[in-house]
Amino acid sequence: MASRVPRGNLLKSLRYFSRPLNSAASSSAFSAPGVPPLNFAEKSETSAVAVADEFQTGSPGVFDVYNTEKLFSSIPTTRLLRASANLHVAAIEPVVDLGMWVMKSKLMETELVKNIVMETIRHTFYEHFCAGEDTAAAGKTILKLREAGLRGMLVYALEYAADNESCDRNLDGFLQTVESTKSLPPSSASFIIVKITAICPMSVLERASDLLRWHHQDPSFELPWKLDSLPIFADNSPMYHTLKKPEPLTPEEERDLQLGYERLLKLCQSCAEANVPLSVDAEHTSVQPIIDYLTYAAAVEYNKNNSPIVYGTIQAYLKDAKDRLLLAANAAEDKGIQMGFKVVRGAYMSSETRIASSLGYESPIHNTIQDTHDCYNDCASFMLENIANGSGALVLASHNVESGRLAAVKAHDLGIGKVNHRLEFAQLYGMSESLSFGLRNAGFQVSKYMPFGPIDMVMPYLLRRAEENRGLLSASSLDRQLMREKNGVD
């Protein structure tokens with residue numbers, strides 16, 4: 001497995017690519033991105049269940065992200081070097097800006113330039129952050145993850161459909177993704193991920209969200225199309241997107257909204273038959289009300305059994321996140337629904353703040369990063385207690401080491417420290433491998449969020465994520481430090 005290249009000398013010669021950018025990784029908004037997309041030469045020697053049996057609060061081996069031999073023993077040196085270089089370049093803001101400019105420029109209309117750019121990206125960032133171009137490639141990547149004791153969330157990277165034709169085409173792609181999981185080992189694919197903006201026209205989602213906001217402020221305002229759902233607003237939810245009474249949906253808009261919901265139900269049914277849950281991603285606050293509404297309406301239909309099929313997403317950087325989570329979770333319990341939630345910090349900070357400011361309103365984002373940390377940890381604690389009491393399910397998606405540690409200890413204290421089908425940790429594919437392996441070694445189920453699809457389709461998605469998550473890409477010190485230590489660099 002070891003490379004013939006002298007590790008210490010080679011790493012020293014490339015220290016520029018692997019030096020820390022931020023020495024306080026574990027307390028940053030997002031903790032360190034890590035080693036490359038997993039391509040292991042051998043299976044991990046550590047049994048997650050065996051480690052879980054030794055789980056004791058406060059003991060050194062409970063949640064250890066610093067034991068480099070255990071964390072990275074199966075990863076070749078060459079891949080560590082490549083990962084470090086990729087992450088360093090991705091963390092340089094001018095590179096992100098240049099990438100966005102090139103992808104949007106007329107240069108991409110020249111076939112030669114486009115081919116050069118795409119091939120360069122393919123063998124660097126695409127291979128690092130993506131699981132492949134199709135379901136077959138993504139399936140092979142999941143098998144490699146499985147050998148390392150991890151699972152895969154399949155993300156067919158589509159969003160922002162403009163019309164019903166595009167929505168139908170996108171739905172076919174999601175359904176094919178679900179179908180592909182049937183040929184994989186059981187439970188190796190942990191979730192199918194969907195964005196509602198890929199299966200319902202954006203303009204209709206914006207209109208419906210306006211109407212839902214107005215209805216929340218004036219319950220006498222009738223919405224004839226509204227179905228049984230769960231609460232989607234709290235008293236402190238932002239309403240500035242809808243400053244005047246909106247017109248009702250036209251018959252065409254109402255039909256398009258119904259078609260979007262039917263697509264979601266069809267996807268839910270396919271996931272139920274394949275026994276793989278569906279997680280609906282959160283998006284901009286301008287359309288989040290209708291996303292939550294459709295998600296919860298589908299959950300009312302499909303989450304009546306012990307294992308939930310439909311998961312919604314809570315973005316903890318929003319000031320109303322905890323209140324909305326509590327309202328929805330408690331309402332689900334009252335209805336006898338096992339509601340699943342994925343808790344994330346959030347990915348639209350710059351745009352949310354910009355829109356609120358342009359309208360003369362305070363940002364919906366927490367005023368300090370510590371407030372976001374506190375909100376995230378409070379949401380996690382609340383849901384872990386629910387799980388311990390037999391209600392709901394949770395995916396904790398985070399690159400923050402301290403949040404991982406707190407949740408791991410809390411889960412153990414509540415008696416859910418071992419592998420539990422209602423609790424999953426998750427990190428982005430190609431990032432925060434030390435955290436992923438540390439949680440795996442502590443006995444938890446851990447997934448990687450794996451975008452896949454043709455490069456010309458996925459790269460705009462990844463560039464937007466890069467633009468929205470500059471803090472994530474720049475806070476890369478922990479894994480880089482561990483990789484250097486593993487390879488004998490001071």
Side-chain angles (χ1 to χ4, degrees), residues 37-38 126-127 129-146 150-161 164-200 259-283 291 294-295 298-299 302-303 307-313 340 342 395 397 424 426-430 445-462 464-465:
L38 303 176
Y126 179 83
E127 290 183 356
F129 295 113
C130 297
E133 295 206 20
D134 52 28
T135 54
K140 291 178 181 178
T141 306
I142 282 185
L143 293 177
K144 294 173 184 175
L145 286 174
R146 184 171 181 266
L150 304 177
R151 310 206 295 168
M153 296 175 161
L154 284 172
V155 188
Y156 188 45
L158 290 170
E159 54 189 284
Y160 302 152
N164 283 310
E165 183 180 356
S166 299
C167 292
D168 287 337
R169 186 167 56 249
N170 292 345
L171 176 63
D172 286 342
F174 288 118
L175 293 174
Q176 290 172 17
T177 302
V178 178
E179 184 66 23
S180 72
T181 66
K182 296 179 181 179
S183 63
L184 296 172
S187 299
S188 57
S190 56
F191 286 86
I192 300 297
I193 307 293
V194 67
K195 279 183 164 56
I196 296 295
T197 53
I199 58 174
C200 190
L259 287 174
Y261 181 56
E262 290 174 2
R263 293 186 191 100
L264 177 60
L265 291 181
K266 189 172 183 179
L267 185 55
C268 291
Q269 181 62 35
S270 181
C271 286
E273 293 171 356
N275 196 31
V276 56
L278 177 70
S279 177
V280 180
D281 269 352
E283 303 189 53
I291 291 173
L294 292 173
T295 301
Y302 280 92
N303 287 14
S307 297
I309 290 296
V310 184
Y311 284 63
T313 300
K342 180 173 67 177
V395 176
E424 188 96 15
Q427 291 78 44
L428 293 177
Y429 182 67
Q445 290 187 145
V446 182
S447 285
K448 305 298 281 188
Y449 185 98
M450 300 166 50
F452 75 93
I455 187 170
D456 57 347
M457 180 184 83
V458 174
M459 281 316 302
Y461 169 90
L462 289 179
R464 282 193 295 274
R465 299 293 83 79

_Checking Thr135 now: which residues fulfil side chain to side chain contact (heavy atoms under 4.5 Å, CB included) with it, not counting sequence neighbours?_
Thr177, Ser180, Phe452
_Nearest-0.5 Å distance that lies between atom CG in Asn164 and atom SG in Cys200_ = 7.5 Å
*Distance in Å, Glu133 CD paired with Asp456 CG, rounded so as to fall on 0.5 Å steps*: 8.0 Å
*Between Leu158 and Phe174, does a side-chain contact (heavy atoms from CB on, under 4.5 Å) hold up when you go through it step by step?*
CA-CA 9 Å; Leu158 290 170; Phe174 288 118; 4.3 Å; yes
*asked:* Checking the side chain of Ser166 only, and the main-chain atoms of Ala161 only, is there a donor and an acceptor separated by less than 3.5 Å?
replied: no
*Taking atom OG of Ser188 and atom CG of Leu145, what is their separation to the nearest 0.5 Å?*
9.0 Å
*asked:* Using every non-hydrogen atom in the two residues, find where Ala137 and Gly132 come nearest and quote the distance to one decimal.
replied: CB-CA, 3.8 Å
_Shortest non-hydrogen contact from Thr313 toward Val280_ = OG1-O, 2.6 Å
*asked:* Tell me the closest heavy-atom pair linking Ile142 and Ala189, and the distance in Å.
replied: CD1-CB, 4.0 Å
_Which atom of Ser270 lies closest to which atom of Leu175, heavy atoms considered_ = CB-CD2, 3.7 Å
*Does a side chain donor of either Glu424 or Ser447 reach within less than 3.5 Å of an acceptor in the other side chain?*
yes
*State the CE-OH distance between Met450 and Tyr429, to the nearest 0.5 angstrom.*
6.0 Å
_Rounded distance [0.5 Å steps], CD1 in Ile193 versus OG in Ser279_ = 4.0 Å
*Heavy atoms only: give me the nearest Leu264-Ala298 pair and the separation to one decimal.*
CD2-CB, 3.9 Å
*How many angstroms lie between CE in Met153 and CG in Leu428, if you round to the nearest 0.5 Å?*
10.0 Å
*Could you go through the side-chain contact (heavy atoms from CB on, under 4.5 Å) check for Gln445 and Arg151 one step at a time?*
CA-CA 8 Å; Gln445 290 187 145; Arg151 310 206 295 168; 3.6 Å; yes
*Taking Asn303 for the side chain and Ile309 for the main chain, is one N or O donor matched with an acceptor at less than 3.5 Å?*
yes
*Looking at the rings of Phe191 and Tyr311, which for Trp means the six-membered one, are their centres under 6.0 Å apart?*
yes
*Please answer whether the main-chain N or O of Val194 pairs with a side-chain N or O of Asp281 as donor and acceptor at a distance below 3.5 Å.*
no
*Mind checking whether Thr181 and Asn275 have side chains closer than 4.5 Å, heavy atoms only?*
no
*Between Leu154 and Ala138, which heavy-atom pair has the shortest distance, and what is it?*
CD2-CB, 3.7 Å
*Evaluate side-chain contact (heavy atoms from CB on, under 4.5 Å) for Gln427 paired with Val446, printing each intermediate quantity in order.*
CA-CA 8 Å; Gln427 291 78 44; Val446 182; 3.5 Å; yes
*Are Tyr156 and Gln176 side-chain neighbours, meaning at least one heavy-atom pair lies under 4.5 Å?*
no
*asked:* Strictly by salt bridge (charged side-chain N to carboxylate O under 4.0 Å, His left out), give each pair with a member in residues 171-180 just once, sequence neighbours left out.
replied: Glu179-Lys182
*Could you please spell out the steps behind the side-chain contact (heavy atoms from CB on, under 4.5 Å) verdict for Val178 and Val276?*
CA-CA 8 Å; Val178 178; Val276 56; 4.3 Å; yes
_More than 12 heavy atoms from other groups under 6.0 Å of CG on Asp168_ = yes
*Residues that Lys266 engages under salt bridge (Lys or Arg N to Asp or Glu O under 4.0 Å), provided they are two or more places apart*: none
*If we only count heavy atoms from C-beta on, is the Val395 to Ser190 side-chain gap below 4.5 Å?*
no
